[in-house]
Amino acid sequence: MTDILGNMRRTHTCGELRASDATKEVILMGWVQRRRDHGGVIFIDLRDKEGLTQIVFNPEFDVDTHEKAQVLRSEFVIGVKGQVMARPDDMINGKMDTGAVEVFVKELKIFSHAQTPVFQIEDRVEASESIRLQHRHLDLRRPQLQKNIIARHTASRAVRDYLNDRGFLDIETPFLTKSTPEGARDYLVPSRVNQGSFYALPQSPQLFKQMLMISGFERYYQIVRCFRDEDLRADRQPEFTQIDMELSFVGEEDIMEITEGLIKAVFQKVRGIDIETPFERMTYAESMDRFGLDRPDLRFDLELCDVSDLVKDTGFKVFASVVKKGGMVKAINAKGCATFTRKEIDELTDFAAIYQAKGLAWIKVKEGGEWQSPIAKFFTDDEKAALAQKLDMETGDILFFVADSPKVTNEALGQLRNELARRLKLIDPDTYRFVWITHFPLVEYDEQEKRYQALHHPFTAPLEEDLDKLESDPANVRSRAYDMVLNGTEIGGGSIRIHSTELQEQVLKLLGIGEEEAQEKFGFLLNALASGTPPHGGLAFGFDRLVMLLCQEDSIRDVIAFPKTQKATCLLTEAPSAATTAQLQELAIKISKIEA
RNA sequence: GGGGGCGUAGUUCAGUUGGUCAGAACGCCUGCCUGUCACGCAGGAGGCCGCGAGUUCGAGUCUCGUCGCUCCCGCCA
């Protein structure tokens with residue numbers, strides 16, 4: 001049997017040779033990064049996933065090999081045997097890890113020729129997303145993406161090591177399963193042997209992991225693919241990966257402690273960064289009040305201030321009427337930013353409008369505390385003094401106000417807070433600020449459907465001291481749900497679950513899910529609950545998002561080997577694609593064109 | 001479902017009020033070159049200006065439609 005490798009086997013990677021390796025005979029294998037042909041001597045940068053090494057073809061060293069190297073071009077795959085040479089001091093390349101050496105080649109094997117790549121395999125070459133995804137195999141050769149995919153593996157391994165060491169069991173749950181109640185749109189899979197019936201791909205293994213607790217496994221985890229048929233974003237793919245966990249006989253603090261340790265281990269292993277634990281805790285109510293969002297970025301201040309009380313009777317009707325209708329007026333003081341131009345203020349107004357804010361009122365504080373503002377004339381001196389005190393208004397400040405429903409005011413001003421921080425460069429990209437957000441509302445009233453909806457999911461336990469409000473005042477029942485937030489991004493969330501059948505039935509009733517519907521959709525869980533259920537709870541991390549933050553990338557596509565486009569297609573495989581008539585017949589499915 | 005950005009050479013882009021506007025850089029090919037490392041020098045090839053209509057004497061440029069990539073709102077933990 002002949003074999004192109006022959007007896008050639010790699011002795012070193014392209015990233016590891018140093019001056020101390022000089023005179024060694026080595027065998028390297030990899031891709032031709034770049035060829036510099038000087039006529040007499042040819043330099044090649046050889047690349048593998050570990051790095052680059054300069055190899056030299058010199059006719060004085062080996063005339064036949066030099067001749068053979070003439071044909072080498074970008075992305076050819078070769079193996080070379082040669083001698084490591086220390087470079088003279090004036091030829092050391094300080095920009096390369098291996099820059100102190102080079103390998104003089106005496107034997108060359110060309111494993112593969114390669115077409116000229118459509119884009120160069122370098123981090124600094126920015127090809128369009130479309131080109132990158134069509135040629136993902138080339139894109140993935142770029143050092144940055146290799147680093148990301150390796151970091152993803154390192155993170156995954158750190159998670160498994162940590163959880164395995166703590167008695168967690170990795171248990172697989174079905175992909176072909178049943179539609180989960182509430183939540184996102186399902187991906188459906190038609191059944192051939194049960195024509196007309198469909199499986200749903202799991203949005204999360206929620207029900208199964210609770211079943212596993214009921215079965216007595218006590219500690220479960222899975223790094224598991226989940227599916228949601230919703231529109232995509234930079235941080236949302238239709239299939240994505242969760243670190244899914246569930247524990248029995250625990251409360252919130254136990255889960256927080258163990259997952260803080262998990263995140264600490266991941267940051268240690270992937271980035272060598274020591275994260276301080278325990279993390280800060282903040283209630284949902286406090287987060288909304290101070291930051292307007294349930295995922296506050298704590299790397300900077302710029303806190304929101306509720307001035308509804310001070311302006312409820314003011315002559316500025318926009319403010320007064322909003323407060324009278326149950327809305328709120330909040331403000332941000334951008335200290336020292338009275339230098340903002342009209343154009344900048346207009347841009348910020350447009351920014352707030354994205355989040356439904358109908359306007360963005362502003363006040364610049366001039367020398368002597370004088371207000372420059374389109375709304376200054378509506379306020380009495382007393383009102384001005386009260387606002388100035390409450391908002392700590394000093395010369396050189398600019399204040400931004402949003403007046404609307406609590407939902408819009410908080411969202412718009414909370415987002416504006418983040419935008420101001422970006423513009424003012426208040427964010428240190430190397431800082432990691434974690435916070436737990438706790439006591440989320442159990443339910444939220446859905447104006448469109450005229451009913452309460454679970455904020456987290458229907459199996460989340462209400463806070464014990466709020467149980468009496470379950471019927472009388474459901475909107476103010478707090479839950480035992482918690483989110484882990486990192487730098488303004490939710491990276492994980494979970495809750496203590498309901499483990500009593502009675503309470504579960506009560507909550508389902510509140511959500512308007514009738515007994516029949518409940519039985520049909522997840523009767524199996526309700527039955528199981530009645531069979532002896534331990535107190536339990538859990539949490540799921542968005543693994544892609546976590547790795548994205550670890551890699552300091554802006555899109556999860558850059559930490560997923562084969563991501564989908566915004567239209568949920570795969571440019572590499574051209575999925576999804578039409579099914580054959582025969583396939584459709586087997587499934588008893590007819591395609592009807594849906595009119596727009 | 002809605003709003004914004006982009007689409008011109010293999011790649012990234014420039015292209016003014018519609019009239020030398022078919023351009024640059026990198027890449028590629030050929031030749032020269034024994035110390036480069038984003039090598040250098042000389043020469044060369046390479047274009048359905050996403051696609052389709054329309055306006056016009058004339059469209060890369062204006063209008064409409066359509067397709068694709070992307071950011072965001074809605075939606076979605």
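So that the names make sense, note that chain A is the first sequence line, chain B the second, and so on, each numbered from 1.
Looking at heavy-atom distances under 4.0 Å, A:Asn58 makes contact with a base. Among the atoms of the strands shown, base atoms are found under 4.0 Å from some heavy atom of A:Glu60. Within 4.0 Å of A:Arg545, counting heavy atoms only, lies no atom of the nucleic acid at all. As judged by a 4.0 angstrom heavy-atom cut-off over every strand, A:Thr98 is placed among residues making no nucleic acid contact. The residue A:Leu455 sits close to a base: some heavy atom pair falls under 4.0 Å. A:Leu52 comes within 4.0 angstrom of no nucleic acid atom, judged by non-hydrogen atoms across all strands.
Checked by distance alone, A:Arg36 brings no side-chain donor or acceptor within 3.5 Å of a matching partner on the base of B:U34. With hydrogens and angles left out, the side chain of A:Arg34 and the base of B:C39 share no donor-acceptor pair within 3.5 Å. Contact of A:Arg228 with B:A77 (side chain to base): no donor-acceptor pair of N or O atoms is detected under 3.5 Å. In this model, no side-chain donor or acceptor of A:Arg73 finds a partner on the base of B:C29 within 3.5 Å. On a pure distance criterion of 3.5 Å, a polar donor-acceptor pair joins the side chain of A:Arg233 and the base of B:G74.
Among the nucleotides B:U34, B:C37, B:C75, the one closest to the side chain of A:Glu230 is B:C75. When distances are taken from the side chain of A:Phe104 to each of B:G35, B:C75, B:C76, the shortest belongs to B:G35. With distances taken from any side-chain atom of A:Gln566 to the nucleotides B:C71, B:C75, B:C37, the minimum falls on B:C71. Taking every side-chain heavy atom of A:Tyr355 into account, B:C73 is the closest of B:C73, B:G35, B:A38.
Rounded to the nearest 0.5 Å, atoms CZ (A:Arg557) and CG (A:Leu145) are 11.5 Å apart.
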Summarise protein proximity over nucleotides 41-46 of chain B in one line of letters, 5' to 3': B for base, S for sugar-phosphate only, - for none, counting protein heavy atoms closer than 4.0 Å. ------
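At a threshold of 4.0 Å, the pair A:Arg142-A:Glu122 does not count as salt-bridged, since none of the basic side-chain nitrogens sits closer than that to a carboxylate oxygen.
On the P atoms, B:G2 is 48 Å away from B:A45, given to the nearest whole Å.
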